[in-house]
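To start, the structure itself, in structure tokens.
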Amino acid sequence: MTQDLFDDQLDPVLLPLGPGAVVLRRFATADESALLDAVRQVIEQAPLRHMVTPGGFRMSVAMTNCGDLGWVSDPTGYRYDPTDPQSGKAWPRMPDVFARLATEAASHAGFEGFVPDACLVNRYEPGARLSLHQDRNERDYGQPIVSVSIGIPAVFLFGGAARSHKSQRVPLEHGDVVVWGGPARLHYHGVLPLKEAEHPLTGACRFNLTFRCAG
Ligand code: MD3
Ligand code: FE
């Protein structure tokens, strides 16, 4: 069958989700061990914690940060903070393997010279979710956001410019990288509750690294 010649095209490496949003499937798998080692080092210095939203809800996703700035939520609001409020110390420095991967992924998606100053580390266990929201705490919406999925799969919700717009469900797996910029930068998005699953490298857990130019 001629179709065999085109099987690759059924599984493209670079999958556009819409204007400004592209999935780089498995882009991070070559670095999986180095990435996970680095995640563990960051967590040792700045432990994962369940932040509280301004509305008073404890987030089901556990979070920490590395880089010059870290995303923080507490009853007073959301912000980027150069210090970890739990320790009073600076966030751990961004591991080289993180920064390199983020810059390279952004470049593949057409954003040259992306140098993130913030990396949010999200840890999902089965049942954890992230409700529909916009990322609006960064200074320059002209800069993209790069997200890296590690561990068990998740279904990502990619919505529109208004909360009411229908969202598309995007399955994200170990090693997938997504770059969001341009017209997609302020779109609503979220993550459905994770299903029970096991990954050989992470167990029943998903890490998502989100790289931003926040300051
Ligand atoms: C689409 N995290 O931390 S990153 C977040 O899987 C967050 O943990 C998700 O949303 C996670 O804020 C997904 C992907 C992402 C980040 C920013 C976006 C998608 C985006 C901005 C606009 C549109
Ligand atoms: Fe977000």
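Worth saying up front: this structure is predicted, and the values here are computed from it rather than measured. Indexing begins at 1, ligand by ligand and atom by atom, following the structure's order.
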Below 4.0 angstrom, N of the basic side chain to O of the carboxylate: do [X] and [Y] qualify?
X      : Y      : result
Arg49  : Asp84  : yes
Arg26  : Glu173 : yes
Arg100 : Asp31  : no

Open item on the list: Can you tell me which N/O/S atom of His189 has the shortest distance to the Fe ion (ligand 2)?
Closed with: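 So the atom name we want here is NE2.
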
Examine ligand 1 and decide if any of its atoms is less than 4.0 Å from a heavy atom belonging to [X].
X      : answer
His133 : yes
Arg206 : yes
Arg212 : yes
Tyr124 : yes

Task: Metal-centred angle, the Fe ion (ligand 2) as apex - NE2 of His133, OD1 of Asp135, 10° resolution - done: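 Between NE2 of His133 and OD1 of Asp135, the angle at the Fe ion (ligand 2) is about 90°.
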
Open item on the list: Just to be sure I'm reading this right: ignoring hydrogens, which of Ser147, Ser149, Gly190, Ala184 gets closest to atom 4 (S) of ligand 1? Compare them by their nearest heavy atoms.
Closed with: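 It is Ser147 that holds the nearest heavy atom.
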
Taking distance alone, with N or O pairs closer than 3.5 Å, would you say [X] contacts ligand 1?
X      : answer
Arg185 : no
His187 : no
Trp180 : no

